[in-house]
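Along the sequence shown, residues carry numbers from 1. Computed from a predicted model, the values in this text were never measured in an experiment.
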Amino acid sequence: MAGLGVLIGFRADQAASLESACRWLLFATTAVFALHAVAPIIECRTTSYVVTASKVEASSRLVRATSSTIYLAKVEAVVRDQGPIERLFDVGSATLIGTGGARDTLTNVRDFSRFMAALERALRRG
């Protein structure tokens with residue numbers, strides 16, 4: 001009795017090309033998942049947030065140097081977002097909700113507990 005491959009029309013010379021295609025697909029999938037896991041770590045390491053008495057300054061230095069400023073006088077609410085793994089590494093995200101419903105999200109903030117304490121002190125003063 002012939003094998004299943006012969007019955008469905010699969011030839012032996014196609015096996016090598018199928019195996020090669022599967023290897024490349026596995027490699028590409030692994031690369032995408034690795035990049036997806038490493039990207040937040042790189043973002044966290046290259047972005048810094050500074051809280052002053054009147055504003056929060058964010059600067060990133062990954063490919064180009066960019067910076068932005070959020071003035072605390074216009075902030076009405078702060079939403080913390082920190083999952084269990086983020087709590088373990090003291091990283092988190094904060095969304096500042098301003099007047100008129102404007103939202104600014106600060107993602108992957110290192111030393112999140114210290115950052116939030118400084119932000120709460122600055123908001124109480126202002």
Side-chain angles (χ1 to χ4, degrees):
M1 178 167 170
L4 179 63
V6 173
L7 291 175
I8 61 173
F10 186 74
R11 297 189 326 250
D13 60 335
Q14 292 175 328
S17 63
L18 179 63
E19 184 179 339
S20 177
C22 288
R23 283 186 182 151
W24 278 107
L25 182 62
L26 181 63
F27 174 74
T29 303
T30 304
V32 167
F33 281 116
L35 184 60
H36 184 69
V38 171
I41 297 169
I42 293 171
E43 180 187 359
C44 185
R45 292 289 178 195
T46 60
T47 304
S48 64
Y49 299 98
V50 177
V51 178
T52 65
S54 62
K55 60 188 174 185
V56 175
E57 295 176 351
S59 64
S60 177
R61 303 168 307 279
L62 183 58
V63 176
R64 5 174 14 141
T66 59
S67 64
S68 61
T69 303
I70 302 168
Y71 292 98
L72 297 178
K74 300 189 181 266
V75 173
E76 292 180 343
V78 177
V79 178
R80 295 174 62 135
D81 185 26
Q82 195 177 27
I85 294 176
E86 292 170 321
R87 279 194 302 264
L88 181 66
F89 293 104
D90 198 23
V91 175
S93 299
T95 301
L96 305 176
I97 302 171
T99 55
R103 292 175 163 259
D104 292 309
T105 302
L106 310 173
T107 58
N108 296 323
V109 180
R110 288 180 303 204
D111 297 326
F112 189 65
S113 55
R114 192 175 75 196
F115 171 82
M116 286 305 293
L119 181 61
E120 289 169 4
R121 278 193 306 273
L123 287 171
R124 269 183 268 160
R125 283 187 220 138

field: Contacts of Ser54 that satisfy side-chain contact (heavy atoms from CB on, under 4.5 Å) - sequence neighbours left out
entry: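 Testing Ser54 for side-chain contact (heavy atoms from CB on, under 4.5 Å), a comparison that skips the adjacent residues, returns Thr52.
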message: Run the side-chain contact (heavy atoms from CB on, under 4.5 Å) test against Glu86 and tell me which residues pass, sequence neighbours left out.
response: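 side-chain contact (heavy atoms from CB on, under 4.5 Å) check on Glu86 returns Gln82.
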Could you work out, with side chain to side chain donor-acceptor pair (under 3.5 Å) as the rule, every residue matching [X], not counting sequence neighbours?
X: Glu57; value: Lys55
X: Ser68; value: none
X: Arg114; value: Asp111

query: Looking only at heavy atoms, which two atoms of Leu106 and Tyr49 are closest? And how far apart?
result: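 Here Leu106 and Tyr49 meet closest at CD2-CE2, 3.6 Å.
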query: Does anything in residues 27-37 pair up under side chain to side chain donor-acceptor pair (under 3.5 Å), and if so which pairs, sequence neighbours excluded?
result: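 The answer is none; no pair qualifies.
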task: With sequence neighbours excluded, tell me which residues meet ring pair (Phe, Tyr, Trp, His ring centres under 6.0 Å) with Phe33.
output: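 If we apply the ring pair (Phe, Tyr, Trp, His ring centres under 6.0 Å) test to Phe33, skipping adjacent residues, there are no hits.
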Anything under 3.5 Å between a donor and an acceptor, one on a side chain of residues 91-101, the other on a protein residue two or more places apart or in another chain? List them.
{"residue": "Thr95", "atom": "OG1", "partner": "Thr105", "partner atom": "OG1", "Å": "3.3"}

Would you be so kind as to tabulate the donor-acceptor pairs closer than 3.5 Å made by side chains of residues 73-81, with sequence neighbours excluded?
none

task: Output the distance between atom CZ (Arg110) and atom CD (Glu43), rounded to the nearest 0.5 Å.
output: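 Result: 11.0 Å between the selected atoms.
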message: Arg23: which residues meet the salt bridge (charged side-chain N to carboxylate O under 4.0 Å, His left out) condition with it, sequence neighbours left out?
response: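 With sequence neighbours excluded, Arg23 shows a salt bridge (charged side-chain N to carboxylate O under 4.0 Å, His left out) to Glu19, given in chain and number order.
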